[in-house]
Structures are given as structure tokens and as C-alpha cells.
Amino acid sequence: MGRDTIADIITSIRNADMNRKRRVRITSTNITESIVKILLREGFIKNARKHQERNKSFLVLTLRHRRKRPYRNSLNLKRVSRPSLRIYSNYQRIPRILGGMGIVILSTSRGIMTDREARLERIGGEILCYIW
């Protein structure tokens with residue numbers, strides 16, 4: 001695991017999805033728990049539970065497999081804002097992914113939320129990732 005925990009989560013989930021793994025284990029932090037709650041609420045993952053080993057807590061995610069062909073990826077994740085290049089947006093300029101089919105996860109002053117929630121609350125923030 002590197003220093004960018006969000007990129008580590010995205011990479012772990014993407015790799016497990018490509019290799020048809022059922023479960024992924026990621027380290028548990030406040031940011032990762034917020035992102036996992038959004039993924040669970042939006043239906044991108046099936047289940048999430050907290051697991052603890054030797055004073056370290058992990059999140060065990062159960063992935064949802066919807067693909068029919070072995071070469072197609074059903075879950076696409078893209079990290080946007082990085083530690084070296086932060087991307088911010090106001091609520092009017094938050095991009096729409098696939099015309100609203102995908103979601104944008106933002107870090108706002110009111111916590112981590114999706115693009116729809118940020119538009120409803122009329123607040124912008126740092127664009128963390130795209131999921132479609």
C-alpha cells in the first residue's frame with residue numbers, strides 16, 4: 001500500500017473485479033469507510049464488513065459480478081484528484097459520467113458525497129474519483 005489510500009482502494013477493487021475475485025480486503029480509514037458506504041448504497045458492491053487482526057482493522061468487500069464475457073469490465077473506476085494534482089469543482093461544473101449513469105465521488109466541507117448529493121446541497125469540492 002502506498003501513500004494514496006484512495007488510489008489503493010480503487011486499484012484493489014479494479015484488480016479483483018478483473019480477476020473475478022469475490023472478496024477484497026482493504027485497510028480501514030475514515031475516508032475508505034465513507035467511499036465504501038457510497039459504493040454499497042449505489043449498488044456497485046454487494047456487501048461490506050469490518051474485520052480486525054492484530055490491532056489493525058480491515059474492510060472486507062464482497063463484489064457484485066454482472067459481466068457475461070470474460071474480457072469485459074463491469075466496474076470502471078478512475079482516480080481524478082491526486083496528491084500531486086488536486087482537482088476542485090463548484091456544484092455547477094461537477095461533470096456527469098455517462099449522462100448520469102455513473103457517479104462522481106467528491107470530498108466536500110460536509111463530508112464525502114456523490115455528485116447528485118452535492119448538486120442538491122449546492123456545494124462543490126475536490127473530485128476524488130469517477131465510477132461507472
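None of the values given here were measured: they were computed from a predicted structure.
- Applying the salt bridge (charged side-chain N to carboxylate O under 4.0 Å, His left out) test to every pair with at least one member in residues 29-40, sequence neighbours left out, gives these pairs: Glu33-Lys50.
- Alongside Phe58, the hydrophobic cluster contains no other residue (criterion: ILVMFWY side chains under 4.5 Å).
- Residue pairs satisfying the side-chain hydrogen bond (donor to acceptor under 3.5 Å, both in side chains) criterion with at least one member in residues 93-107, sequence neighbours excluded, are absent.
- When the side chains of ILVMFWY residues are joined at heavy-atom separations under 4.5 Å, either directly or via intervening members, Ile97 and Val80 end up in a single hydrophobic cluster.
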Listed pairs under 3.5 Å, donor-acceptor, residues 116-127 side chains, sequence neighbours left out:
residue: Arg116; atom: NH1; partner: Glu42; partner atom: OE1; Å: 3.3
residue: Glu117; atom: OE1; partner: Thr114; partner atom: N; Å: 3.2
residue: Glu117; atom: OE2; partner: Arg41; partner atom: NH2; Å: 2.9
residue: Arg119; atom: NH1; partner: Asp115; partner atom: OD2; Å: 3.4
residue: Arg119; atom: NH2; partner: Ile94; partner atom: O; Å: 2.9
residue: Arg119; atom: NH2; partner: Pro95; partner atom: O; Å: 3.3
residue: Glu121; atom: OE1; partner: Arg110; partner atom: NH1; Å: 2.8
residue: Arg122; atom: NE; partner: Tyr91; partner atom: OH; Å: 3.2
residue: Arg122; atom: NH2; partner: Tyr91; partner atom: OH; Å: 2.4
residue: Glu126; atom: OE2; partner: Ser81; partner atom: OG; Å: 2.6
residue: Glu126; atom: OE2; partner: Arg86; partner atom: NH1; Å: 3.0

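- Remark: the backbone N or O of Thr27 is paired with a side-chain donor or acceptor of Thr32 at under 3.5 angstrom.
- Rounding to the nearest 0.5 Å gives a distance of 10.0 Å between OG of Ser34 and CG of Leu128.
- For the salt bridge (charged side-chain N to carboxylate O under 4.0 Å, His left out) test, residues two or more places apart in sequence or in another chain that qualify with Arg79 are Asp4.
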Checklist entry - So Ile13 and Phe44, side chain to side chain contact (heavy atoms under 4.5 Å, CB included) or not? Walk me through it. => result CA-CA 10 Å; Ile13 294 172; Phe44 288 105; over 6 Å; no

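- Residues Ile103 and Leu98 fall into different hydrophobic clusters, defined by Ile, Leu, Val, Met, Phe, Trp and Tyr side chains chained together at heavy-atom separations under 4.5 Å.
- Partner of Ile131 under the side-chain contact (heavy atoms from CB on, under 4.5 Å) criterion, out of Leu77, Ile35, Ile38: Leu77 alone.
- Here the shortest heavy-atom pairing between Ala16 and Leu63 reads CB-CD1, 3.7 Å.
- A distance of 4.0 Å separates CD1 of Ile10 from SG of Cys129, quoted to the nearest 0.5 Å.
- Note that the CG atom of Leu61 and the CZ atom of Arg49 stand 10.0 Å from one another [nearest 0.5 Å].
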Checklist entry - Is there a side chain to side chain contact (heavy atoms under 4.5 Å, CB included) between Val36 and Ile26 once you walk through the steps? => result CA-CA 10 Å; Val36 166; Ile26 58 174; 4.0 Å; yes

Next on the checklist: I'd like to know whether Thr62 forms a side chain to side chain contact (heavy atoms under 4.5 Å, CB included) with Arg23, so could you lay out the CA-CA distance, the side-chain angles of the two residues, the decisive distance to 0.1 Å, and finally the verdict.
Outcome noted: CA-CA 5 Å; Thr62 306; Arg23 292 190 178 91; 4.2 Å; yes

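- One finds the CG atom of Leu75 at 7.5 Å from the CG atom of Leu39 (value rounded to the nearest 0.5 Å).
- Across all their heavy atoms, Val60 and His51 have their closest contact at CG2-CB, 3.9 Å.
- Cluster membership check: Met113 does not share its hydrophobic cluster with Ile9, using side-chain heavy-atom separations under 4.5 Å among Ile, Leu, Val, Met, Phe, Trp and Tyr.
- Residues forming a side chain to side chain donor-acceptor pair (under 3.5 Å) with Lys78 (at least two apart in sequence, or on another chain): none.
- One hydrophobic cluster, built from ILVMFWY side chains closer than 4.5 Å, holds both Ile31 and Ile45.
- Hydrophobic clustering (side-chain heavy atoms under 4.5 Å, transitive across Ile, Leu, Val, Met, Phe, Trp, Tyr) keeps Leu85 apart from Tyr88.
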